[in-house]
Every structure is written in structure tokens, then in C-alpha cells.
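Since this is a predicted model, take the numbers as computed values, not measurements. Numbering of ligands and ligand atoms starts at 1, following listing order.
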Amino acid sequence: MSSATHPDCPPGPGAYVVAIAITAPLAVRLRNAVAARLRPGRYLYCGSAYGPGGLQARLARHFRQHKSIRWHIDQLTTVGEVLGAWAIAGGDECELVARLGFLPVPIEGFGATDCGHCRSHLLRWPSRVSARAIRTALASGGEAPVWLQASATPGFRA
Ligand SMILES: [Zn+2]
């Protein structure tokens, strides 16, 4: 199955923050089989892509709705609406979590199974927090985040 890479996505490896909106309560499952519930709203997932295909391949996967469930975050991107993503060439996912530390943690341990220090790689994005505030926080390390608009959501701009 091929998937188109986003025209604005930087080539090579890096870190990213995917923005997802869910419109109904969503039960998600962690690797230890504990189920948790996400309420409707917006969420941000911090990840990194240092394998083959880098950011382009990984974000194309996150933007694709139909796929097998491999990572925790797939439970959101297959059901919710992926709004888009900020990509940072050469970035570090845990550093991005730290920069977004003012956001609430919805589920302890989500996406952080292999990470020894973050409480979660998934954060809740309350409606009172603007996209500009997220962008500014992500840019605080110096690298400029590149916003990748998901094609399915023409009304959303970050
Ligand atoms: Zn981490």
C-alpha cells in the first residue's frame, strides 16, 4: 500500500507532534491491556522518526486512516480526525513533550512505553490553548517547526 508524502514535510529524520480531534469518547488500550477512556477534544502526540523513510514516511502513515494498529497512537488516528502535524527536522520527541509540559496528561504512559522519563507522549490540547501557543512552545528550542496540514481538514489552520 503506497501513501503520498506531504509536500511540506522535511526530508530525513526528526521529531513531530500530530494533532488529532476525536468527537466521541474513545476507549484506548495500552500494551499492558489496561483500558482507558479519552473524552472528546483535541490531542497532541509527540513522536520521532529515525528509521527508514524518516519524517515523510512516518507522517504519511499517521495521516492515513486505514492501517493495522501497531502503536498506541494508531487507536486515535484510525478513528479520529488528524488535523495535521508539526515536524521538526532532527528534533527529539521527549524534548517536545517537555516544551508542551503546560498541557494536561490524559493517560499515564501513553506512547511512552520505551521512554524512561516522560509521563506520556500524548497530551490533551484544551480549546483555550491556541495553535499559535503550541507553535511558540515547540519553537522554543530554536528549530522552526513546519506545520503540515492534513488534506482532510481544509477548515483547520495552525
Ligand atoms: Zn519521552
Side-chain angles (χ1 to χ4, degrees), residues 5-6 8-22 26-64 67-148 150 158:
T5 57
H6 197 288
D8 302 329
C9 188
Y16 56 85
V17 179
V18 182
I20 308 128
I22 62 171
L26 180 66
V28 297
R29 201 163 281 279
L30 303 189
R31 201 170 292 173
N32 57 9
V34 171
R37 201 168 167 84
L38 291 174
R39 56 185 158 108
R42 298 183 300 181
Y43 293 87
L44 296 174
Y45 174 74
C46 301
S48 61
Y50 279 85
L55 285 166
Q56 291 185 333
R58 179 67 59 80
L59 288 170
R61 186 179 190 281
H62 283 317
F63 282 21
R64 195 169 69 234
K67 59 199 160 196
S68 57
I69 303 291
R70 177 177 171 193
W71 294 304
H72 290 162
I73 188 59
D74 295 343
Q75 298 173 82
L76 275 74
T77 58
T78 52
V79 172
E81 180 185 16
V82 175
L83 304 172
W86 285 277
I88 298 178
D92 175 73
E93 61 186 306
C94 299
E95 174 62 28
L96 300 184
V97 171
R99 288 179 202 164
L100 298 174
F102 59 97
L103 297 176
V105 168
I107 300 175
E108 297 281 341
F110 190 102
T113 309
D114 303 323
C115 168
H117 51 280
C118 297
R119 287 174 63 201
S120 171
H121 282 188
L122 183 74
L123 302 165
R124 200 162 63 76
W125 182 9
S127 53
R128 63 182 156 79
V129 177
S130 69
R132 178 186 292 264
I134 299 296
R135 183 189 174 82
T136 300
L138 292 176
S140 63
E143 324 92 332
V146 178
W147 171 254
L148 310 175

**Item:** Arg135/Glu143 salt bridge by N-O under 4.0 Å criterion
**Value:** no
**Item:** Pairs satisfying side chain to side chain donor-acceptor pair (under 3.5 Å), at least one member in residues 11-20, at least two apart
**Value:** Tyr16-Arg58, Tyr16-His62
**Prompt:** So do Cys46 and Leu100 actually touch side chain to side chain, heavy atoms under 4.5 Å?
**Reply:** yes
**Request:** Check the angle between the aromatic planes of Phe110 and His72 and answer parallel, tilted or perpendicular using the 30° and 60° thresholds.
**Result:** tilted
**Asked** Does any N or O in the side chain of Lys67 come within less than 3.5 Å of the main-chain N or O of Arg61, such that one atom is a donor and the other an acceptor?
**Response** yes
**Asked** Under a 4.5 Å cut-off applied to non-hydrogen side-chain atoms, are Ile73 and Ile20 in contact?
**Response** yes
**Residue-atom pairs from the protein, N, O or S only, that lie under 2.8 Å from the Zn ion (ligand 1)** = Cys94 SG, Cys115 SG, Cys118 SG, His121 NE2
